[in-house]
Amino acid sequence: MTVTEEPTAAVREVGKDRRRKEDQRLITGRTRWTDNMQLTGMLHLAMVRSPYAHARITNVDMSAAQQAPGVISVLCGRDLKDHQGELPCAWPITDDQKCMAHPAVAVDRVAFAGEVVAVVAARTAAQARDAAELVDVDYEELPAVVDLKKAAADEVLAHPELGTNVSATWVFDSAEAGSGGDVEDSIRDAEVLIEREYRQQRLIPSFMEPRSTVVDPTGEQFVMWTSTQVPHILRLMLALTLGVPESKVRVIAPDVGGGFGGKLQVTPEEIITFLMARQTGKPCKWTETRSESLLSAHHGRDQWQKLTLAARRDGTVTGLKVELLADMGAYLGLVTPGVPILGAFMFNSIYKFESYRFECRNIFTNKTWTDAYRGAGRPEATFAIERLMDELAAELGRDPLELREQNWIRHDEFPFSTVAGMEYDSGNYEAATERAKELFGYDELRAEQARRRESGDRVQLGLGISTFTEMCGLAPSRVLGALSYGAGGWEHASVRMLPSGKVEVITGSSAHGQGHETAWSQIVADQLGVPFDDVEVLHGDTQISPRGLDTYGSRSLVVGGQAVVMAAKKVIEKAKPLAAHVLEANVDDLEFSDGRFTVRGAGADQEGLGLAGLALRVFAAHDLPDGMEPSLDADATFDPVNFSFPHGTHLCAMEVDTETGETTMRSYVCVDDIGNVVNPLIVDGQVHGGLVQGIAQALWEEAVYDDQGTLVSGSFVDYTLPTSADTISFVTDRTVSPATSNDLGAKGVGEAGCIASTPAVVNAIVDAVRPMGVQDITMPCTPERVWRAIHGGGRGGATEESAMPHFEEDAPNQDNPGTEGGQL
Amino acid sequence: MIPVEFDYAAPATVQEAVALLAEHGDDAKVLAGGQSLLPVLRMRLNAPGVVVDISGIEELKGITDEGDAIRIGAGATYQDVLDSPLVSEHLRLLHQAVSEVADPQIRHRGTLCGALAHADPAGDVGAPVLALDGRMVIRGTAGERTVGAEEFFVDIFETAIGDGELLTAVVIPKHTGWGSHYAKFVRVSHQWAIVGVAAAVRAEGGTIAEAKVGLTNMGSRPLRAAAVEQALAGQPATEEALGAICARVGEGTDPPSDLNGQADYRRHVAGVLARRAVLAAAGG
Amino acid sequence: MTRISVRVDGVTYSDEVEPRTLLVHYLRESLGKTGTVVGCDTSNCGACTVHLDGRSVKSCNVLAVQADGHEVTTIEGLADGETLTPLQEAFRDCHALQCGYCTPGMIMQATDLLRENPSPDEAYVRQHMEGNLCRCTGYHNIVKAVLQAAGATATGGEQA
């Protein structure tokens, strides 16, 4: 047996920009995407989807499809209604939340265009697609409600039997919670009121790997390979939904090509593939097309935000009132109702407001259902407050950064209890902002802006600011319980010491691009003093990693990584008695560092005992201390006591061609504080990717429906993702205020860029054209909208009805946003 | 997605190709580079019975000098056009427009003539070919005919190519020494043109002697801005002189209204792009 | 069915295919070249990019029958055994991939780009990678990797 040479005093791995372990396979095409799976006798599925947003299914004629070449089975809702159960919603936000049963295959009614009405299994994917077109479905169209505001008025019902489109109303009030005053008092006493209504357009997560599911029913367990972020949650939900013992289901998330919240779901297609495999007794595969994905995988955002900010003339903000309408789409997905609630605690952001009220109405429409998308609730909150702070600064004629500083929590005020009831553990907004200003050249750019304004330059320059914080690292189980979420927020890890000295780390986190294999290896290498390359990280298979709550909400490192730390510490504790036994020392006299046990006071030249050697001794088990079990392996489950609160200052410069409305990003600087960093290379990558997704919300992306409820932006031709040619290189830097909620001192980073960047971009564009009378431009800020805003079209027009700029005619500080613009 | 089943034929000569097209009529589709056809087939928007692949026909390949014109065969890819010294020297406007088509992978495969035959009004090559007075060479079983670009483009996805006919080449008069610019307006770079303006200018001193202007996606087919061209002749190449003339480039056009822009906005943008393109072409 | 003979990553294959079979499906399903993936159905994303006779093409936009008699190189045919190409090395070194789904297409397109222009600047790289979508990286490190492989550095922003 070969035993790896034990390490000598090692340089710490944590903090190093290690190149990723994952990459060798990925850059040579040696991959295991779900769609790569081919099993003997495997059948291929094709879905038949409703073209109507709302219709009764009067008949499904499958006879022609059943006769088509290669077809093995065709099933519709009628056939499945007693077996398919209902897709789960794990987050009933109120006791009286209204929920519509969501069958995987519609039985007698469809509630959005794209809902599955039948499924074909055939010997090849082409045959399945050919046959699916032969399924003849008769529909009787029903009135559909597409627009969110119209839906809130309850005139047309998405689900007539519910009697209303309002699923739930959820309120947080600082006066009721005891975390602050009554916002109505602040509004009554305000010297300045800023009232705005903002639209969070509907977005599509657009992970690059289309979803795919394979189910093999031929063994003792049903084995499902699927492109999911949540194999553990999915396994439990499959069991609960289908009445199959959980122990008979194994879920594997092999290589998964991105998620961004979009694969945090229990999908109809996963249920359908399972049912078809069970019915035919053959392995079945379903892989979606991109158009199918855009149509039927859950969407994100889609809110109207009605906002009232109360302030004094000196710039002190006294209160914030938030009234939201949130579009659920046709059904409640796994965490759909909770997404806007994740924003409820973040509208006050980094500021010290005296009072705060948040009220959200969750509304059903006949559109694809919404659910988590990168940031989930927090980008919306950040957008609202960061836009409002700019508006207040403009109203008062103040520099927007300086106004923010006047209101934010100073670094010597941490820990700080916010008006929304959160306890921020650490941060330093001054430091991040100072660094960002320096890197950005803030003062120089302001001077250039003034020059361009003065000369009436056709291309105007705008500077956008976003000083954000977010709550992530989901989540303390007790908090989730208090918010009525159906599960906890812990994470699990195991460390297995192999006889050869190699280490296997099992994590309940389920990476799909985040680089956990590399980062976890760095953590364990430091904890156990073993070489980075000797650590193998295993994940994403419920048979290998039986316990876990998976990857979303910037939780993997701060919750899952901490579980790994704890498991590694347990290994050392377990090894201690054996080390003492071998070294003939007292356990209390042992020290462990750089992977070796030494005896305190025995001198610097002692050889000590390495963990690898101990692992081999435990394997042999010939000479263990009395009572010691022959294993060093350890498990740990970590449940955080608090969220983590990364923050940062993002500065964006945009050029606006006032003649065409075209916008061009000139520079983007962000200085993030995400606590201690395990791998700066990976962190920068997460930030870059998040930035572009947030920028894309500001500039390019929107899921648009027509009045009939048909998705108009249903392919990558119309759902306009940015390319390398549309984006720029970013300047990133960090300040460090370690988190206190985990041993690593780390805060989450996965969502930060996406949360922060959207308002920075929109603020910059509005800043560029504010002298032309523009106060807002609806997202995405297309050239046409920018042009119309400049030339007197308010916010540039909307895909929806334009919003009223003011709520009450006699409210103070009335000013008419944008409609009087037009001078060039 | 996977196309509906079809038969495949790969004729070796134009004569064989034309015979196949005549035999199958509108049940046949011509495949050259396939960069427009394959997406249509994959989305099952069209289901021809026969696909006639002309990419192996030697006589369709090549870009040749015909004295006062350049002939670009139906087998020539966009990349062939970009790589051609003849095009660079004599048809600068076409070169610029082709470099804006889709992305490099598409340009490696797609053909100029294929795009002309596809006749998508948002495509980048119709406007410059129209502006440069290109002529289409069409072959049928009855023989060959030549059609000017004005008559060639009939409507959206509709050309003068009849059933059983094949576009074998486009012949474009040389515009040696002309200044040119293709201005393409998009929201993201891989999009079809929201609006495009193709301008070629023969300048004498600081004055526009002659101008040719084509418009992309300003109607159901590529358009020629004839009135603007006439008004431009004799004008000094300055922003002041050109602005008012070019602003009228959208007059009488009927552009689409869609996610990327309403018709009035497109007309406005066309005016701005026309001024910029003509100025750039005139060296201003 | 139509018989085709295609050389893929140095090996000649002869198969009967349906004319409607896309090259990408032939590569993945018949030849097991699963390194090449499908990301969209409108030839926007470029994930399926391979080289056909040495030039980058989107293999979802080519019929398998069109590859008859031609030579295809996929991501699996780039490295020489364990020896990666400079571009593959640069992708790893610059952290130019996260989930890795777009990576084969990115590398194949960037390989073609550098063959066309061995000394590109950032603007050239950004323009010529426009046919490949990535959702993870924001393109920052992809652009950096292509420039690094070319021996150049990004002119724009950077880690401060």
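Hydrogens, waters and symmetry mates are skipped; everything else that's a heavy atom, side chains included, is used. Chain letters run A, B, ... following the sequence lines, proteins first, then strands; residues in each count from 1.
- Your options are A:Thr289, A:Ile728, A:Asp17, and the one with the most heavy-atom pairs under 4.5 Å with chain C is A:Ile728.
- Among residue pairs with one or both ends in residues 32-54 of chain C, those qualifying as salt bridge (charged side-chain N to carboxylate O under 4.0 Å, His left out) are C:Asp9-C:Lys33; sequence neighbours excluded.
- The contact between C:Tyr101 and chain A is made by backbone and side chain atoms together, counting heavy-atom distances below 4.5 Å.
- Interface remark: A:Arg30 contributes no atoms to any contact with chain C (heavy atom separation under 4.5 Å).
- Using a 4.5 Å heavy-atom cutoff, the side chains of A:Val717 and C:Asn44 are in contact.
- Contacts between C:Ile107 and chain A at a heavy-atom distance below 4.5 Å involve the side chain alone, from C-beta outward.
- Contacts between C:Leu84 and chain A at a heavy-atom distance below 4.5 Å involve the side chain alone, from C-beta outward.
- Between the side chains of C:Asp15 and C:Ser30, not a single donor N or O lies within less than 3.5 Å of an accepting N or O.
- For C:Thr137, the part lying near chain A is the backbone, with the side chain staying farther off; criterion is any non-hydrogen pair under 4.5 Å.
- For A:Gln686, the parts lying under 4.5 angstrom from a heavy atom of chain C are both the backbone and the side chain.
- Look at A:Arg49 and A:Glu292 and you find a salt bridge, because one of the NZ, NE, NH1 or NH2 atoms lies within 4.0 Å of a carboxylate O, short of that distance.
- Proximity to chain C (any heavy atom under 4.5 Å) is shown, for A:Gln24, by both the backbone and the side chain.
- At least one side-chain heavy atom of A:Gln693 sits under 4.5 Å from a side-chain heavy atom of A:Phe260.
- Taking chain C as the reference chain and counting heavy-atom pairs below 4.5 Å, the highest number among A:Thr31, A:Leu294, A:Ile682 is found for A:Ile682.
- Taking the six-membered ring for Trp and thresholds of 30 and 60 degrees, A:Phe440 and A:Tyr442 have ring planes inclined between 30 and 60 degrees apart.
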